[in-house]
Amino acid sequence: MSAPLTLKDFKSDQEVRWCPGCGDYAILSAMQKALADLGVSRENTVFVSGIGCSSRFPYYMNTYGFHSIHGRAPAVATGVKCANPELDVWVITGDGDGLSIGLGQLVHAIRRNLDFKIILFNNRIYGLTKGQYSPTSETGKVTKSTPDGSLDQPLNPLTVALASGATFVARCVDADVKHMQEVIARAAAHRGTAFVEVYQDCNVYNHHAFEYATDKKQRPDHLLYLEHGKPMVFGAGSDRGIRLDGLRPVVEKLDNGNQDGLLKHDESVHDPTLAMFLARMKHPEFPEPVGVLRAVSAPTYERRLMAQVQAAVEKRGNGDLDDLFNSGDVWDAK
Amino acid sequence: MSAPLTLKDFKSDQEVRWCPGCGDYAILSAMQKALADLGVSRENTVFVSGIGCSSRFPYYMNTYGFHSIHGRAPAVATGVKCANPELDVWVITGDGDGLSIGLGQLVHAIRRNLDFKIILFNNRIYGLTKGQYSPTSETGKVTKSTPDGSLDQPLNPLTVALASGATFVARCVDADVKHMQEVIARAAAHRGTAFVEVYQDCNVYNHHAFEYATDKKQRPDHLLYLEHGKPMVFGAGSDRGIRLDGLRPVVEKLDNGNQDGLLKHDESVHDPTLAMFLARMKHPEFPEPVGVLRAVSAPTYERRLMAQVQAAVEKRGNGDLDDLFNSGDVWDAK
Amino acid sequence: MKNPDTLEEAPAIDDSRIRLVDRVAIRFAGDSGDGMQLAGTQFTNTSAIFGNDVSTLPDFPAEIRAPAGTLAGVSGFQIQISSDDIFTPGDRIDALIAMNPAALKANLADLAGGGILIVNSDEFTPANLKRAGYAENPLESDLLADYRVHQIPITTHTVEAVKEAGLGSKESARCRNFYALGLVFWLYDRPLETTQNWIRRKFGKREDIARANELALHAGYNFGETAEMFALRYRVEPAKLPPGRYRNLTGNQALAIGLVAATRLAKKTLFYGSYPITPASDILHVLAGYKHFDVRTFQAEDEIAAVCSTIGAAYAGAIGVTASSGPGIALKQEAIGLAVMTELPIIVIDVQRGGPSTGLPTKTEQADLWQAIVGRNGECPVAVIAPMSPADCFEAAIEAVRIATRFMLPVMILSDGYIANSAEPWRVVKAADLAPIEIRHATNGGDFKPYQRDDHGSRPWAIPGTPGLEHRVGGLEKAAITGNVSYDPDNHQRMINQRADKIDRIAHEVPPQAVFGDTTGDLLIVTWGGTYGAARTATQRLQAQGASVSHAHLRWMNPFPANLGEVLGSFKHVLVCELNMGQLQTLIRGRYALDAEGLHKVKGRPFMVSEIVDAAERVLKAPSKSTGTHKSNGGVA
Amino acid sequence: MKNPDTLEEAPAIDDSRIRLVDRVAIRFAGDSGDGMQLAGTQFTNTSAIFGNDVSTLPDFPAEIRAPAGTLAGVSGFQIQISSDDIFTPGDRIDALIAMNPAALKANLADLAGGGILIVNSDEFTPANLKRAGYAENPLESDLLADYRVHQIPITTHTVEAVKEAGLGSKESARCRNFYALGLVFWLYDRPLETTQNWIRRKFGKREDIARANELALHAGYNFGETAEMFALRYRVEPAKLPPGRYRNLTGNQALAIGLVAATRLAKKTLFYGSYPITPASDILHVLAGYKHFDVRTFQAEDEIAAVCSTIGAAYAGAIGVTASSGPGIALKQEAIGLAVMTELPIIVIDVQRGGPSTGLPTKTEQADLWQAIVGRNGECPVAVIAPMSPADCFEAAIEAVRIATRFMLPVMILSDGYIANSAEPWRVVKAADLAPIEIRHATNGGDFKPYQRDDHGSRPWAIPGTPGLEHRVGGLEKAAITGNVSYDPDNHQRMINQRADKIDRIAHEVPPQAVFGDTTGDLLIVTWGGTYGAARTATQRLQAQGASVSHAHLRWMNPFPANLGEVLGSFKHVLVCELNMGQLQTLIRGRYALDAEGLHKVKGRPFMVSEIVDAAERVLKAPSKSTGTHKSNGGVA
Ligand SMILES: Cc1ncc(C[n+]2csc(CCOP(=O)(O)OP(=O)(O)O)c2C)c(N)n1
Ligand SMILES: Cc1ncc(C[n+]2csc(CCOP(=O)(O)OP(=O)(O)O)c2C)c(N)n1
Ligand code: SF4
Ligand code: SF4
Ligand SMILES: [Mg+2]
Ligand SMILES: [Mg+2]
């Protein structure tokens with residue numbers, strides 16, 4: 001065996017062309033580091049993306065890569081996985097690419113539970129087309145296309161993924177590279193569709209959209225780092241927690257660090273109610289959960305497809321062309 | 001004023017061309033009856049549909065109608081409403097039309113909260129193209145296109161609508177025409193996007209898919225008729241109810257009709273957790289809720305759009321072409 | 001009534017009543033629920049197995065089940081059988097079986113004068129007459145004076161005949177199509193065996209239904225034999241087909257089988273990503289049953305996902321195929337451009353139907369030619385092949401895969417609703433006789449260049465999983481050789497030329513344009529796709545009349561065969577016949593700056609032979625090449 | 001350094017150093033972050049207000065910000081100013097301002113021999129040279145021997161000059177584009193006033209930045225005046241434009257304003273449904289600011305929703321408009337078919353860019369002509385108009401609305417990236433001088449027939465809300481007159497003819513094809529869209545040389561003007577020049593069966609005048625009409 005690969009081995013020879021300061025850089029190096037750490041092979045790894053600043057990602061990975069068309073990366077990836085289930089496939093998309101034009105492809109890929117990992121770079125704006133509001137932009141967003149403020153309610157990427165039946169759902173922020181690597185590694189380990197939202201700063205068209213979540217000082221108060229089986233605690237001194245009140249979460253100031261009665265995180269429960277309601281926790285009312293919201297196991301599409309092929313071969317024998325040609329009502333002319 | 005319109009007045013002169021016994025007939029007459037009862041005017045009413053058996057609906061309504069293309073009815077309706085917010089617009093779609101090819105249009109229309117009503121005829125099959133599985137077909141469904149069984153997890157139409165931020169979500173079944181009329185009337189009264197799923201029998205390609213919910217005998221045991229403010233009770237003798245256990249619903253046999261401790265329905269709570277979890281209650285584990293799951297008020301897209309127009313006129317005066325032509329750096333050539 | 005079990009052999013034939021004829025065209029017509037497609041298919045199979053050449057034309061409504069008894073609900077199935085080669089289902093029909101008044105009304109105009117008309121008199125009730133829009137009962141008027149009318153209470157007879165099977169009255173009446181079929185079998189002197197076997201296979205599990213259908217079939221046959229209602233019977237002798245084994249295939253079946261064959265010939269996996277649409281869905285249905293050939297079918301959420309999954313599969317090394325009809329192909333165009341730019345081999349099948357928009361979903365048309373060849377953004381060439389008949393779909397599928405993988409580009413197969421649904425005998429080939437499709441994937445060889453071209457002008461097909469070939473593709477313009485993103489002006493021109501050049505090279509890989517008849521003369525009839533049959537028959541007829549007419553049928557629509565210009569230039573007149581308003585005509589004129597004339601028809605139906613003969617005769621009478629009577633591109637005359 | 005406040009008036013001119021010239025072409029080039037588009041725009045506006053005719057060509061990278069200092073990051077802006085009518089930004093440039101080595105490398109080839117080259121020497125560091133791919137410093141080699149090179153440490157000067165404004169060093173350096181602009185203003189003897197006003201307006205709230213930019217502007221100007229580095233200055237006198245008021249408009253601005261005007265002329269509401277895409281997004285941005293004109297803009301979730309919302313709006317009685325570029329138009333095609341079938345008036349704008357697929361998003365091309373005219377399923381004609389210049393977009397928008405509403409059909413406007421982003425003076429019109437667009441909606445009149453045609457062949461526009469006109473439309477074929485669904489064969493042909501017929505009638509509504517030059521002769525140059533300017537200039541040049549050359553520029557692409565065949569037939573040669581591989585050429589040949597030749601270029605750039613002149617001279621030298629050298633439709637030569 002050759003020497004283990006390092007972060008550098010996953011860098012392609014192409015110049016990275018994002019704006020200086022763009023959050024995409026952090027995601028790129030987190031991915032490169034994570035893949036090196038996981039010890040995957042370059043030739044077995046495929047990055048598929050749509051169109052957007054984020055979707056330039058594959059060019060910078062020294063693996064196989066497909067920069068497809070706007071919104072359709074999940075469909076392209078579906079074909080890749082059906083043709084060769086052995087490949088490690090990553091789908092890179094943006095909030096516009098994945099939730100606007102590509103929403104249908106995203107949802108349907110997720111409900112099939114194809115075994116690929118989707119990373120959605122959420123900068124709450126259309127970067128590449130120079131700053132129109134996106135499906136995750138807050139209502140009232142003033143942009144080039146909405147000088148008087150946008151009118152639509154934003155979509156919540158995690159809710160969409162959960163409503164689609166996602167078997168793995170997670171979130172991380174570009175400013176916390178170490179945590180991002182962990183999440184990426186968890187996604188990679190999942191069998192089935194993994195959906196990861198990354199809060200990403202577009203420092204040209206939507207700078208500081210996630211400042212509350214990325215700024216080092218504010219972060220502890222505004223992010224809830226989820227850990228399976230652990231009570232939900234957050235705050236600078238781990239001084240607050242989440243309790244359940246009927247069907248609603250409540251923030252509770254901890255009494256001397258006493259965590260009794262706090263909600264415990266369970267990423268593996270099959271019913272998505274908990275994950276759904278975590279996904280809906282929004283700043284500033286609540287801290288926003290990061291980490292793995294849901295990770296349950298279910299058979300993947302391509303495995304089941306191959307099982308059907310296998311079963312057919314077992315039942316009918318490996319298809320024979322002459323049998324096929326001669327099937328049905330045949331007759332002979334002399 | 002002329003005489004009030006009757007069911008008959010809403011019948012167009014076109015022969016109805018569904019298969020004999022199709023559930024669509026019941027929906028058609030429920031709609032005609034409901035509109036007559038509501039006293040709406042024919043000329044102000046527009047039915048917009050996509051493609052599918054269900055989408056032939058507009059031809060049979062003696063109102064304005066638009067049988068558009070596959071999956072895009074919500075987008076067409078968006079244009080209609082933006083051009084003329086005064087119209088009463090109904091969108092008719094199927095499980096294939098609305099949740100497969102048209103998912104993006106459906107979700108985005110809902111999140112905008114345009115003031116139209118969407119009726120999704122869910123027969124869990126593609127009827128018009130002669131019987132392929134649809135996004136609501138159960139996993140393992142054997143159809144023409146899936147002789148070995150389908151592989152995808154079904155989408156839940158109500159969950160999709162709720163995840164899109166629907167302000168009104170309801171369900172009814174083709175076999176209970178009276179209840180369907182009530183639900184239609186409630187949808188009509190809602191300001192904003194109303195989403196109604198109808199369990200509809202395709203008696204040619206998916207007969208009895210909803211027998212448990214439509215058969216007169218089985219219905220009481222398998223349907224939970226929701227009523228705002230009322231405890232959730234069901235069963236032939238109203239002998240069972242729904243209780244909350246943490247974040248999960250439990251079916252409880254009522255002790256002598258005692259309804260204490262049962263979950264009370266609240267369609268108007270803004271947090272969608274309750275509605276989401278009702279939407280997820282599935283036969284045979286649970287009775288399936290019918291009626292209004294959610295009805296909350298929020299400003300509509302077209303009203304806010306018109307308010308922006310209004311504000312612009314107030315601020316800048318009613319646009320004057322000569323001002324527009326002469327704006328910017330102008331100079332005179334002699 | 002005799003026990004059908006004792007009737008396994010056809011009753012002795014009174015030969016004196018049988019007249020030998022060369023060909024005969026029959027149409028079964030009834031309500032959608034009457035099982036006419038089934039009756040037609042059975043008659044076709046029996047005749048094919050009997051040894052006739054056959055050609056069929058099914059015609060059914062767009063609604064699943066339009067209201068019973070209405071014109072909208074009429075379903076028809078036309079078959080021509082012949083002792084010679086035939087290419088069409090026939091212009092006019094010799095016999096019409098009308099199961100109700102609406103079927104009579106919708107089809108009578110096509111029945112030749114003096115033709116046989118069999119009606120199910122049971123259905124000519126006042127209510128049904130009204131539904132069909134008949135003011136008076138045609139059976140009682142002189143509307144039918146020109147025909148040999150046979151009124152038979154088919155429903156009554158059937159119910160009576162099947163009694164012993166013990167079905168309910170509704171189910172009993174449902175067997176009436178077999179009664180009608182049996183009668184027609186008698187009339188045309190066909191054996192019952194094939195249909196009997198089929199009934200046994202199909203209804204094996206429902207003995208009562210199987211039995212009832214058999215009883216009905218024989219009852220119909222026997223009625224013909226005993227009723228003395230028919231003065232004559234007809235027999236069409238077996239055709240002198242080239243020796244070999246045959247089976248009937250519809251175009252959609254032939255495409256599916258051809259794709260499976262091509263994939264095997266290429267030692268590949270077939271990935272088929274598609275979204276249902278009439279009239280293409282059956283390809284998906286057929287392929288979904290071939291999983292033991294490692295066929296992986298994927299019903300996508302829409303056409304865009306279907307084609308994109310196909311592109312992904314091709315990228316990963318499979319034979320990626322997608323199919324749709326006009327509206328769905330429109331949706332796929334953006335992604336087809338991606339396949340052009342990434343130079344990946346995919347197959348896109350367009351089973352054309354009546355347009356524009358949703359149009360006439362169950363009717364045939366050839367109006368997607370422009371869409372196929374030039375209907376994308378930018379200079380975006382794909383290769384296009386149009387099979388000429390149902391059986392030819394088999395060969396076309398194999399050729400498409402061969403060209404796509406050799407030249408690394410999308411190939412579009414332009415079928416149509418007529419080819420897709422109608423059947424003709426296909427001569428069964430031996431797998432071993434088919435030429436393998438050689439595919440060489442790039443392998444690790446040091447400095448890999450994803451856009452370095454080989455001697456076909458093709459870039460290497462380097463599939464994920466191969467160490468050392470890691471590379472990135474996408475929809476932005478690619479630098480020659482390296483495949484990196486490039487905005488360089490000269491590179492853009494170079495790449496556009498190279499992509500076009502691949503298309504041009506195909507012209508030298510495909511057979512030169514053949515001509516049926518003399519290679520020079522007064523008139524060349526040019527056709528493509530499903531219009532082949534009518535034009536070939538018309539040409540034969542014209543030649544027999546001594547006219548200087550030849551026929552050139554195009555299979556490759558892009559590129560045109562290398563010698564096409566020369567072929568066209570050798571005739572005084574060129575007449576392009578197509579089921580659109582002049583799409584190939586315009587392309588030919590545009591390419592060769594030659595005043596080709598056109599015969600255009602968009603009626604959701606194939607050409608009749610006589611329409612082409614008439615047009616040819618008009619052109620031949622014209623003094624010289626007429627000047628273009630062209631109108632705008634929206635409406636070329 | 002003088003206080004710029006005292007410099008509000010231009011310093012006294014040493015007239016002896018100023019040379020009068022007819023026209024001059026300048027290009028500002030630098031890194032994407034260098035503000036070159038701004039400098040170019042300011043020079044343009046100043047010159048336009050000064051009274052010159054101007055023509056511009058912005059050219060920027062597809063990335064938001066490619067890496068600083070690289071070739072990929074170079075952004076350029078070319079302006080030609082003239083004392084005469086001009087139609088192009090110029091083939092070669094007379095002066096190049098290169099703000100870094102990459103800008104020099106990317107642009108030097110276009111600088112005319114002996115041209116002025118101003119470089120920011122501060123940026124010629126080893127690191128930047130390497131990024132630009134220069135092995136040695138060109139300023140120190142003889143690479144620049146042919147040019148009049150002026151090395152100026154622009155950054156250093158700027159930082160020095162703006163000190164008193166009190167900005168940080170990074171912000172100070174950012175003012176260097178104004179320094180460069182000031183210097184070029186001096187060199188071409190332009191007043192500073194327009195830019196000064198602009199700075200005040202733009203940075204009003206940031207007094208320090210406003211001041212710094214002003215200081216930089218004046219410092220550059222003064223450097224020119226005092227440094228004695230430039231032997232000569234140049235002045236281009238005001239052009240003799242027809243008298244009137246002018247303003248500069250880009251094509252996208254002109255489309256937006258034209259649409260607002262058209263809507264007002266029609267007494268309607270404008271609904272604009274669109275999904276962002278380069279280079280069309282700006283139309284949305286501009287229109288979103290016109291809400292006080294009751295303009296309702298809708299950013300849809302994708303192109304399909306955008307066009308469908310537009311169709312819905314048209315159905316409900318608004319002027320519905322959607323826009324995109326090639327890939328997005330491909331996605332809209334299915335729905336455009338629906339508008340054709342329902343015969344609703346919508347406007348679809350295609351701002352073409354380099355293709356196929358994602359292609360070259362920021363570059364110009366004319367390769368969507370086929371897509372526009374015939375790129376849909378079925379026989380699906382729409383009217384197509386192509387504005388010929390940025391200002392012409394205003395007129396084209398109005399005409400499009402007029403035709404769409406009169407004939408009840410979709411009209412496509414084919415703009416391109418060049419027209420969209422470049423600017424030219426537009427003569428301000430008076431609203432009262434514009435002809436109203438008359439729209440008659442159907443009103444309740446008894447027995448309403450939604451597909452009963454008027455004397456334009458149009459069906460009535462009956463909008464929801466009108467009592468008594470309740471009716472249903474859709475994508476299935478419609479019955480003539482009643483508009484009910486119809487699968488009738490003859491009705492289908494009739495409707496296809498009627499839809500085509502409307503297109504043909506438009507040919508008689510639009511002006512006949514005009515010819516610049518003699519209406520008969522050796523050569524007719526034919527162009528469309530944004531190639532107008534280069535071809536017109538080339539024709540003038542050829543005519544001046546005495547060649548028998550004329551020019552016909554098409555605006556309506558479908559239908560062609562009624563007399564076009566006649567016009568083309570009056571010349572020995574026809575040369576179609578277009579930024580694609582022969583799309584109009586093929587259509588013209590197809591339509592008129594005439595051997596039109598072609599000049600094709602797909603390099604993401606407009607034609608140079610010299611390219612057309614050369615091609616014309618080649619054709620003129622050919623002995624006679626050359627035979628078609630056409631290749632397949634993928635690659636027409
Ligand atoms: C079919 C099509 N429509 C529109 C576009 C233009 N477009 C490119 S990227 C983009 C939005 C990107 O937004 P997002 O996915 O959020 O990516 P970001 O740039 O913010 O990373 C759009 C509208 C396109 N390339 N193709
Ligand atoms: C673009 C396009 N793709 C595919 C089709 C074919 N098609 C028509 S209806 C339909 C599915 C209809 O299913 P659903 O919406 O569930 O309607 P139902 O017939 O069951 O009422 C499909 C795939 C089409 N008409 N247009
Ligand atoms: S525009 Fe925004 S998202 Fe795009 S590269 Fe620049 S900073 Fe990143
Ligand atoms: S196919 Fe099914 S859904 Fe369609 S009309 Fe028939 S019964 Fe109804
Ligand atoms: Mg984004
Ligand atoms: Mg359905």
Side-chain angles (χ1 to χ4, degrees), chain B residues 12 14 41-49 51 58-59 61-69 71-84 86-87 104-105 107-109 305-306 308-309 311-313 315-322 324-334, chain D residues 45 48-49 51 194 238-239 241-248 257 260-261 264 269 271 273 290-294 296 298 300-302 304-305 308-318 320 334-335 338 342 428-431 463-476 484-485:
Chain B
S12 79
Q14 294 299 294
S41 79
R42 286 196 309 232
E43 67 267 21
N44 252 356
T45 304
V46 185
F47 280 85
V48 182
S49 65
I51 300 283
Y59 290 122
M61 294 294 305
N62 190 7
T63 62
Y64 283 89
F66 203 135
H67 179 221
S68 75
I69 47 175
R72 320 305 179 189
V76 173
T78 298
V80 171
K81 279 301 271 185
C82 288
N84 184 354
E86 303 309 319
L87 296 171
Q105 275 63 61
V107 168
H108 284 281
L305 176 64
M306 293 318 294
Q308 288 191 343
V309 167
V313 170
K315 197 170 136 202
R316 306 170 64 180
N318 192 343
D320 177 84
L321 275 190
D322 286 312
L324 176 65
F325 297 163
N326 284 281
S327 62
D329 285 328
V330 298
W331 72 93
D332 294 307
K334 269 145 225 154
Chain D
N45 287 348
I49 292 174
T194 310
L241 292 173
R245 169 158 290 188
Y246 285 84
R247 72 185 274 203
N248 267 333
I257 294 176
V260 172
R264 274 291 161 95
T269 290
F271 175 86
Y290 293 158
K291 293 227 173 63
H292 56 305
F293 282 90
D294 193 15
R296 307 182 191 170
F298 169 62
E301 61 272 22
D302 61 22
I304 298 175
C308 286
S309 65
T310 297
I311 292 171
Y315 177 65
E334 188 209 1
L338 178 66
T342 53
V428 173
V429 294
K430 285 209 179 60
I463 60 179
T466 323
L469 304 191
E470 296 82 3
H471 68 287
R472 275 68 55 193
V473 295
L476 290 165
N484 290 332
V485 172

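Sequence lines set the chain letters: A, B, ... in the order given, protein chains first and strands last, and positions in each chain run from 1.
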Note to self: Using a 4.5 angstrom heavy-atom cutoff, name the option from B/Val80, B/Val46, B/Ile51 with the most pairs to chain D.
What the structure shows: B/Val80
Notebook entry, point to check: Does D/Gly320 offer a backbone N or O that forms a donor-acceptor pair with the side chain of D/Thr310 under 3.5 Å?
Noted result: no
Item checked: Residue part contacting chain D, namely of B/Gln14, when any heavy atom lies under 4.5 Å -> side chain
Checklist line | For chain D, the option from B/Gly79, B/Gly104, B/Ala73 that forms the most heavy-atom pairs under 4.5 Å | finding: B/Gly79
Next item on the list: Just give me the residue among D/Ala335, D/Gly317, D/Pro467 that pairs up with chain B most often, heavy atom to heavy atom, under 4.5 Å.
Entry: D/Pro467
Check: So which of D/Ala314, D/Ala318, D/Ala305 has the biggest tally of heavy-atom pairs under 4.5 Å with chain B?
Finding: D/Ala305
Check: Is it the side chain or the backbone of D/Thr269 that comes within 4.5 Å of chain B heavy atoms, both, or neither?
Finding: neither
Note to self: Given 3.5 Å as the limit, does a donor-acceptor pair link the side chain of D/Lys430 with the main chain of B/Asp322, or not?
What the structure shows: no
Notebook entry, point to check: Using non-hydrogen atoms only, which part of D/Ala239 is less than 4.5 Å away from chain B: side chain, backbone, both, or neither?
Noted result: neither
Notebook entry, point to check: Counting distance only, does the side-chain N/O of D/Glu470 pair as donor-acceptor with the main-chain N or O of B/Glu43 below 3.5 Å?
Noted result: yes
Notebook entry, point to check: For the atom pair CG (D/Leu338) and CG (D/Leu476), what is the distance rounded to the nearest 0.5 Å?
Noted result: 10.0 Å
Notebook entry, point to check: Side chain, backbone, both or neither: which part of D/Tyr246 has an atom under 4.5 Å from a heavy atom of chain B?
Noted result: both
Item checked: Best-contacting candidate, B/Leu321, B/Asp320, B/Val313, B/Asn44, against chain D by heavy atom pairs under 4.5 angstrom -> B/Leu321
Checklist line | Under 4.5 Å from a heavy atom of chain D, the part of B/Ile69 involved | finding: both
Notebook entry, point to check: Is it the backbone or the side chain of B/Met306 that comes under 4.5 Å from a heavy atom of chain D, or both, or neither?
Noted result: side chain
Next item on the list: Mind ranking B/Val107, B/Thr78, B/Asn62 by heavy-atom pairs under 4.5 Å with chain D and telling me who comes out on top?
Entry: B/Asn62
Check: At their closest point, which heavy atom of D/Arg296 faces which heavy atom of B/Leu305, and how far apart are they?
Finding: CB-CD2, 4.0 Å
Next item on the list: Answer with side chain, backbone, both or neither: which region of B/Thr45 has an atom nearer than 4.5 Å to a non-hydrogen atom of chain D?
Entry: neither
Check: Looking only at atom types and distance, does a side-chain atom of D/Arg264 sit under 3.5 Å from a main-chain N or O of B/Gly319, one as donor and one as acceptor?
Finding: yes
Next item on the list: Would you mind reporting whether B/Tyr64 and B/Leu87 have side-chain heavy atoms less than 4.5 Å apart?
Entry: no
Next item on the list: Would you confirm whether D/Arg472, through its side chain, and B/Met61, through its main-chain N or O, come within 3.5 Å as a donor-acceptor pair?
Entry: yes
Note to self: To check you understand the geometry: which heavy-atom pair defines the closest contact between B/Val76 and B/Phe66, and what is its length?
What the structure shows: CG1-CD1, 4.2 Å
Check: Who among D/Gly468, D/Gly273, D/Ala48 has the most heavy-atom pairs with chain B under 4.5 Å?
Finding: D/Ala48
Notebook entry, point to check: Non-hydrogen atoms of chain B under 4.5 Å away: do they reach the side chain of D/Pro242, the backbone, both or neither?
Noted result: backbone
Margin query: Counting heavy-atom pairs closer than 4.5 Å to chain D, which one of B/Gly65, B/Cys82, B/Ala83 comes out on top?
Written below: B/Gly65
Next item on the list: Select one option (side chain, backbone, both, neither) describing which atoms of D/Tyr315 are under 4.5 Å from chain B's heavy atoms.
Entry: side chain
Checklist line | side chain to side chain contact (heavy atoms under 4.5 Å, CB included) involving B/Ala311 - partner list, sequence neighbours excluded | finding: none
Item checked: Closest non-hydrogen atom pair, B/Asn84 against D/Pro464 -> ND2-O, 4.1 Å
Margin query: Is D/Leu469 in contact with chain B via its backbone, its side chain, both, or neither, using a 4.5 Å heavy-atom distance?
Written below: both
Margin query: Just to verify, what does D/Arg245 make a side chain to side chain contact (heavy atoms under 4.5 Å, CB included) with, not counting sequence neighbours?
Written below: B/Asn326, B/Val330, B/Asp332, D/Val428
Note to self: Taking every non-hydrogen pair under 4.5 Å, which of B/Ala312, B/Ala333, B/Ser68 racks up the most with chain D?
What the structure shows: B/Ala333
Check: Who among D/Leu241, D/Ile257, D/Thr466 has the most heavy-atom pairs with chain B under 4.5 Å?
Finding: D/Thr466
Check: Looking at D/Ala300, D/Ala261, D/Pro238, which makes the most heavy-atom pairs under 4.5 Å with chain B?
Finding: D/Ala261
Item checked: chain B contacts, top residue of D/Cys308, D/Ala316, D/Gly475 (heavy-atom pairs, under 4.5 Å) -> D/Cys308
Next item on the list: Taking the side chain as every heavy atom from C-beta outward, state whether D/Asn45 and B/Trp331 have any pair of such atoms under 4.5 Å apart.
Entry: no
